[in-house]
Each structure stands twice: as C-alpha cells, then as structure tokens.
Amino acid sequence: IQLDLDEVSFNYYNALRTRLFPKHKLKDEAHITLLYQIHLEEAEIIKRLEQFDFHSFQINAKQLKNYLTGNALQFKYKEARILHNKLKALFKNKLAKKDYFPYTPHLTLQLNVTNFKALQTHQSLKEEVDFDALGVLSISLPDDEEPRTGAVNISIEDLHGEPEILDKKS
C-alpha cells in the first residue's frame, strides 16, 4: 500500500527517479510505501481498505539520505506513521516481516547503483531536490486505477496521539 502524491510533486519526483535510476531497474513510479506486502487475496485487501476514508495532507521532507547503492528523500513522519500503524493493525498477522520493522517514510530517488555513483548523486541532489511539502492525496495499491477510500477519517490535527475517528459510513 502506498501514499500517492499530488500531481506537481509526483511529476517532479517521477522525472527525477527516471533520470537517476538504472533504466532496467525502474519498475514503478514515484510513491511513498506504507506497507510492503500483505498476505491476502486482492479482493480481501480492497474490502479492508474500504474501511478507511483517507484525508489528504502534506508531508514535509526531513533529509536527503544516502544509502550504499542509492539515495532517498526521508520525511517527517507523524502523519504517515499514524496511518502506517492503523494499516498495520488492519492487516495484523498478514504482513511481511519487513512491515514490522521501524517505519521511516521515504521516497526512493535512486537505487541499484555503485556506491561511488550514489555518493556523486547525493552531492548533486543536495542542491537540486525540492524540500517543499508534498501533498499526499490518497492511498492505493501499486497498480490501482483509482485511490482507495472508505469509512474511517484519519485526522492529522492531533499529531501527538492516535488518530481521531471523525465519522463512520454505513
């Protein structure tokens, strides 16, 4: 499950990824992953996701992070962590091990390159990357045509606690 970006952010970061990724390794478009793998049939995943009514919000970049073989933009994560934890609870015992590790929302800009290339890119990206807030518009499965929404409104107003349930649809 992923966070889908507003159109301007999506176009900017998607173009950056297209330029930086090795062409044969680029398999998806710009997004922020919430959950990596759910061990359920797609119909059951969709049914559960329909319980969420997702409100758009902004997420702010925290830092440009260099990894051995690439670079990613990491985000301040209160809003995304609240959503991640709610989705983890929704799919309890059906997730890959990776989904239970500490969650750091990020947008991978480059991966599968040499350490030298990753360091070179990191230096040039420090001056280039747009650290303005990204608008997060929806949650979706990677190949969805439409975003998934449903019954629980997740409030990002109360960032110090659990999301407030604002309303439920029948």
Side-chain angles (χ1 to χ4, degrees), residues 1-7 9-10 12-14 16-18 21 25-65 67-112 133-169:
I1 297 175
Q2 63 192 25
L3 292 173
D4 300 319
L5 308 176
D6 67 87
E7 185 177 357
S9 299
F10 173 81
Y12 174 79
Y13 287 108
N14 210 46
L16 198 54
R17 284 170 52 91
T18 300
F21 255 82
K25 295 286 188 174
L26 185 61
K27 296 180 179 155
D28 53 15
E29 296 180 321
H31 67 280
I32 301 168
T33 300
L34 281 166
L35 296 174
Y36 288 94
Q37 189 174 28
I38 304 168
H39 301 290
L40 288 170
E41 295 293 323
E42 185 173 349
E44 179 61 24
I45 295 170
I46 291 168
K47 180 180 171 186
R48 291 184 187 198
L49 286 177
E50 288 172 347
Q51 296 176 37
F52 279 84
D53 185 15
F54 179 81
H55 288 287
S56 61
F57 62 91
Q58 287 195 334
I59 188 168
N60 295 307
K62 179 179 171 184
Q63 68 177 339
L64 179 62
K65 179 77 171 160
Y67 298 98
L68 287 177
T69 61
N71 291 282
L73 190 59
Q74 289 185 340
F75 298 96
K76 296 176 184 172
Y77 52 78
K78 289 184 179 185
E79 301 94 337
R81 180 167 281 173
I82 289 169
L83 184 56
H84 173 78
N85 287 336
K86 284 291 188 182
L87 288 168
K88 252 179 27 178
L90 184 67
F91 294 106
K92 187 177 179 177
N93 301 322
K94 300 295 180 189
L95 300 174
K97 285 182 183 180
K98 187 175 186 177
D99 286 315
Y100 293 103
F101 295 154
Y103 178 66
T104 303
H106 66 278
L107 193 156
T108 304
L109 300 174
Q110 179 186 51
L111 198 59
N112 300 311
L134 283 73
V136 177
L137 299 179
S138 59
I139 58 176
S140 67
L141 300 176
D143 295 323
D144 275 353
E145 298 287 324
E146 295 293 326
R148 302 289 172 187
T149 58
V152 178
N153 287 321
I154 298 179
S155 168
I156 60 167
E157 302 303 320
D158 178 19
L159 298 179
H160 302 290
E162 286 297 308
E164 175 185 349
I165 297 176
L166 300 175
D167 69 346
K168 290 189 177 184
K169 297 178 183 173

* Separation between CG of L3 and CD of E79, rounded to the nearest 0.5 Å -> 10.0 Å
* How about Q2 and D4: do any of their side-chain heavy atoms sit closer than 4.5 Å? -> yes
* Structure fact -> Nearest heavy-atom approach of K76 to A61 is CE-O, 4.1 Å
* Heavy-atom side-chain contact between F91 and I45 under 4.5 Å -> yes
* 4.5 Å side-chain heavy-atom contact, T108 and R17 -> yes
* **Contact check, side chains of K98 and Y36, non-hydrogen atoms, under 4.5 Å** => yes
* Asked: Between H84 and L34, is there a donor-acceptor pair closer than 3.5 Å when you use the side chain of the first and the backbone of the second?
  -> yes
* When rounded to the nearest 0.5 angstrom, what distance separates CD in Q74 from NZ in K62? -> 6.0 Å
* Mind checking the NE2-CG spacing from H39 to N93? Nearest 0.5 Å is all I need. => 11.0 Å
* Structure fact -> CG (L40) and CD1 (I46) are apart, to the nearest 0.5 Å, by 11.5 Å
* To do: Compare all side-chain heavy atoms of K88 with those of L35 and state whether any distance is below 4.5 angstrom.
  => yes
* Could you tell me which residues satisfy side chain to side chain donor-acceptor pair (under 3.5 Å) with Q37, sequence neighbours excluded, listed by chain and number? => none
* Chi angles and distances behind the side chain to side chain contact (heavy atoms under 4.5 Å, CB included) call for I32, F75 -> CA-CA 10 Å; I32 301 168; F75 298 96; 3.6 Å; yes
* **Main-chain N/O of A30 paired to N14 side chain as donor or acceptor, under 3.5 Å** => yes
* From CA spacing to verdict: side chain to side chain contact (heavy atoms under 4.5 Å, CB included), N85, Y103 -> CA-CA 9 Å; N85 287 336; Y103 178 66; over 6 Å; no
* Minimum-distance pair of heavy atoms, taken over all atoms of L107 and H31 -> CG-O, 3.6 Å
* 4.5 Å side-chain heavy-atom contact, L5 and Y12 -> no
* To do: Identify, with sequence neighbours excluded, every residue that meets side chain to side chain donor-acceptor pair (under 3.5 Å) alongside R48.
  => E44
* Structure fact -> Rounded to the nearest 0.5 angstrom, the CG-CD1 distance for L87 and I82 is 12.0 Å
* Asked: Side chains of Y100 and L95: closer than 4.5 Å at any heavy-atom pair?
  -> yes
* Asked: What is the minimum heavy-atom distance between L90 and L49, and which atoms define it?
  -> CD2-N, 4.4 Å
* **Rounded distance [0.5 Å steps], CG in L109 versus NZ in K65** => 14.0 Å
